[in-house]
Amino acid sequence: MPATPSHPGTARTRSWWGWGHADAHPDDAECTAMGALLPGTLARPLPIPRVADLPLARPGATPPPALAHVVTTDPEARAAHAMGKAYRDVIRALRGRPGRIPDLVARPTDDQEVADLLDWAGGHGVAVIPFGGGSSVVGGVEYRGDAHRAVMSLDLTSMDRVLEIDTASRSARIQAGALGPVLEEQLRPHGLTLRHFPQSFEFSTLGGWLATRAGGHYATGRTHIDDFVQSLHVVTPAGAGASWRLPASGAEPSPDRLFLGSEGALGVITEAWMRLQERPRYKASTSVAFADFDQALDAVRALAQSDLAPANCRLLDSGEALLSGASHDGSAVLVLGFESATTPVDDRLASALDVVRAHGGHCAAPTADRDAPSDAAVNAWRSTFLRMPYLRDGLARMGAVVETFETAATWDTIPALIDAVRTEVGAAALKATGHPATINCRLTHVYPDGAAPYFTVAVAGRPGDEVEIWDDIKAAANDVLHRHRATITHHHAVGRDHRPAYDLQRPEPFTLALRAAKDALDPHRILNPGVLID
């Protein structure tokens, strides 16, 4: 199967069309077995797509000789940089309709090469799509339209080193192209960690996390990448610059805040000083079952508003618990965990269990100070959590439509929001397909004033119409979120798929300021066109 290197020096290869490693995808038999659980899917899986079958046009531009060593037109490289990893991307690849494939893939090795590439592209009408691990699920790394003569994917993964560690300040200067495992591998000998572990950790980069304001695995406290930023260095078509390294500052507006979440539309983040932490030594975790989901919501809210600060506080509704194997009796399940670099956490877990018992929770026996908890529900959830994107791709091969979306809202809104998503998105899926949809929910992050519900929708599609059905489901979901004043995204970013809802969410004066920033920093409008602002 055509694939691209995961990272220099590794043996496994990345799938160009789907999630993760090429050798980890479900085989035909597993795909067929999954499809049987969703009535109305195909009798046999769609074939794995081949790069040789793609409609690859001749490159529309040629870089100057001085940059030729960092630019390639290799078909496999172009295919691997054509899209992200949303369901919409996977099904388009499976159906042979990937959209506009980049003409060029550039892999700069330093800031000057980034600047030179942007300068050349601006003078020749070439769109530039900054690219890290390519794990976007919102259309953030593809080109849509025809306003540019050529498209260049700017892959930063050759810039992947931890350049400097300041142990006194417990921070490090890190190049933006470092994939999660590559970054942590360089910090480990110093006993330090960034402690940012999104589900895409293995296949995403520091620069991608910063450009999308990514959320990590941890449910409370510091979990968004914003919390760890000390300073950014950014290269724009109008010039390059870095913010000062500071623990905090009242000199606002902050330059970092302009580029965090800008998704490569204003500039290319090439390195950052990041706050680090000591690696955890103490861990304890367990699972808690609830017969009533509303009681479970109350329990999680009480935990979020306490000072206990669990590292993991992930609530699965009964459908999500069943899907992950965490529960088989219709219970909702709370996956609860604590960790610390300095202090045993057993007392904090015991206090948390007192809270959840008061709200009707039934607790499994805690496991302490182990990297791999023995609690069966916790283990089942963790295994399914890591495997789920691969299973989604297997369902896509069976013609199923599988959408995930997440949001955040205040606690007073959460119950009605979840009910509305289940009812209205379910109705939209039924209308679009003629089949009932499975809609599951989990809370991924919790705050004293609200939470982040994450929804999974699965339904049998109509062969060849999967993208249109996905669009209908997405539109229904966006409408529900907007009416409940829930954000269009908590941690998946905006990209192109969320642009209509983001345009409605932001205030108009801010839109004017964002448009002015785009004009000033990217006067030729070459950086990730269509993202954030037109």
What do the steps show when you test E271 against R173 for salt bridge (charged side-chain N to carboxylate O under 4.0 Å, His left out), and what is the final call?
CA-CA 7 Å; E271 64 181 57; R173 182 166 65 100; 3.0 Å; yes

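- Within the 4.5 Å cutoff, the side chain of R397 has no heavy atoms near those of the M34 side chain.
- Side-chain atoms of I91 and V467, non-hydrogen and from C-beta on, do get closer than 4.5 Å to each other.
- Rounding to the nearest 0.5 Å gives a distance of 15.5 Å between NE2 of H233 and CD1 of I174.
- Summarising the geometry of G180 relative to W209, their closest heavy-atom pair is CA-CH2, 3.7 Å, with the distance given to 0.1 Å.
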Salt bridge (charged side-chain N to carboxylate O under 4.0 Å, His left out) between D519 and R515: does it pass, once the steps are laid out?
CA-CA 6 Å; D519 289 338; R515 186 172 292 120; over 6 Å; no

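- Note: H21 and F203 meet the aromatic proximity criterion, with ring centroids under 6.0 Å apart.
- By the neighbour-count criterion of 12 heavy atoms within 6.0 Å, atom CZ of R485 is sparsely surrounded, having that number or fewer from other residues, nucleotides or ligands.
- Judged by distance alone, with hydrogens and angles left aside, the side-chain atoms of T41 form a donor-acceptor pair with the main-chain N or O of G35 at under 3.5 Å.
- Within the 4.5 Å cutoff, side-chain heavy atoms of V425 are placed close to those of V457.
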Walk me through whether Q175 and T270 qualify under side-chain hydrogen bond (donor to acceptor under 3.5 Å, both in side chains).
CA-CA 6 Å; Q175 289 182 307; T270 58; over 6 Å; no

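- Taking 4.0 Å as the cut-off between side-chain N and carboxylate O, R499 and D503 count as a salt-bridged pair.
- Considering only heavy atoms from C-beta on, V459 stays 4.5 Å or farther from L430 through its side chain.
- Across every non-hydrogen atom of S243 and S231, the tightest pair is O-OG, 2.6 Å.
- Dense packing is recorded around CZ of R144, with more than 12 heavy atoms of other residues, nucleotides or ligands lying under 6.0 Å away.
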Please evaluate residues L323 and M388 with respect to the criterion side-chain contact (heavy atoms from CB on, under 4.5 Å), reporting the C-alpha separation (whole Å), side-chain torsions for both, the decisive distance (0.1 Å), and the verdict.
CA-CA 10 Å; L323 180 66; M388 187 55 68; 3.6 Å; yes

Give the C-alpha distance, both sets of side-chain angles, the deciding distance and a yes or no for side-chain contact (heavy atoms from CB on, under 4.5 Å) between L266 and T236.
CA-CA 7 Å; L266 302 179; T236 80; over 6 Å; no

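- The CG atom of N478 lies 9.5 Å from the OG1 atom of T407; values are rounded to the nearest 0.5 Å.
- M274 is listed as a side-chain neighbour of L210, based on a closest heavy-atom distance under 4.5 Å.
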Could you go step by step and tell me if E30 and R387 meet the salt bridge (charged side-chain N to carboxylate O under 4.0 Å, His left out) rule?
CA-CA 13 Å; E30 187 177 359; R387 180 73 173 147; 3.4 Å; yes

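- T444 places a side-chain heavy atom less than 4.5 Å from the side chain of R442.
- A salt bridge between E320 and R314 is absent, with no side-chain N of the basic residue lying under 4.0 Å from a carboxylate O of the acidic one.
- A distance of 6.0 Å or more separates the ring centres of H498 and H492.
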Could you check D155 against T157 for side-chain hydrogen bond (donor to acceptor under 3.5 Å, both in side chains), going step by step and ending with a plain yes or no?
CA-CA 6 Å; D155 185 324; T157 53; 2.6 Å; yes

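- A salt bridge does not link R100 with D146: none of the charged nitrogens is closer than 4.0 Å to a carboxylate oxygen.
- For the residue pair L46 and A396, the shortest heavy atom distance occurs at CD1-O, 4.0 Å.
- Heavy atoms only, all atoms of each residue included: Q186 and V162 are closest at OE1-N, 2.9 Å.
- In summary, D522 and K518 engage in a salt bridge, as defined by a charged side-chain N under 4.0 Å from a carboxylate O.
- Note: D103 CG to H81 NE2 = 13.5 Å, rounded to the nearest 0.5 Å.
- Aromatic ring centres of H224 and H490: separated by under 6.0 Å.
- Side-chain rings of H217 and F201 stay apart, their centers remaining 6.0 Å or farther from each other.
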Applying side-chain contact (heavy atoms from CB on, under 4.5 Å), run through T489 and V494 and close with a yes or a no.
CA-CA 7 Å; T489 177; V494 173; 4.3 Å; yes

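- Using a cutoff of 4.0 Å between basic side-chain nitrogens and carboxylate oxygens, E142 and R92 are scored as salt-bridged.
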Working note: R275 + Q230, criterion side-chain hydrogen bond (donor to acceptor under 3.5 Å, both in side chains); need CA distance, chi angles, decisive distance, verdict.
CA-CA 6 Å; R275 300 182 179 96; Q230 201 176 56; over 6 Å; no

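- Contact record, P108 with L156: CG-CD2, 3.9 Å, taken as the closest heavy-atom pair.
- In this structure, the side chain of E263 does not engage the main chain of A493 through any donor-acceptor pair within 3.5 Å.
- V531 places a side-chain heavy atom less than 4.5 Å from the side chain of R496.
- The CH2 atom of W16 sits 10.0 Å away from the CD atom of E76 when rounded to the nearest 0.5 Å.
- To the nearest 0.5 Å, atoms CG (L183) and CG (D160) are separated by 9.5 Å.
- Between P463 and L42 the shortest heavy-atom distance is CG-CD2, 3.8 Å.
- In this pair, H491 and H445 present their aromatic rings tilted. The plane angle is within the 30 to 60° band.
- At least one donor-acceptor pair under 3.5 Å links the side chain of R14 to the backbone N or O of G133.
- Considering CZ of R213 and CZ of F259, their distance stands at 15.0 Å, rounded to 0.5 Å.
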Show the numbers, then the answer: is there a salt bridge (charged side-chain N to carboxylate O under 4.0 Å, His left out) between R257 and D226?
CA-CA 9 Å; R257 288 287 171 184; D226 313 34; 2.9 Å; yes

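- Distance alone, capped at 3.5 Å, is enough to place a donor-acceptor pair between the Y87 side chain and the A400 backbone.
- The side-chain heavy atoms of L276 and T193, taken from C-beta on, include no pair separated by under 4.5 Å.
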Test side-chain contact (heavy atoms from CB on, under 4.5 Å) on V90 and W17; report intermediate values, then the result.
CA-CA 6 Å; V90 171; W17 64 272; 3.7 Å; yes

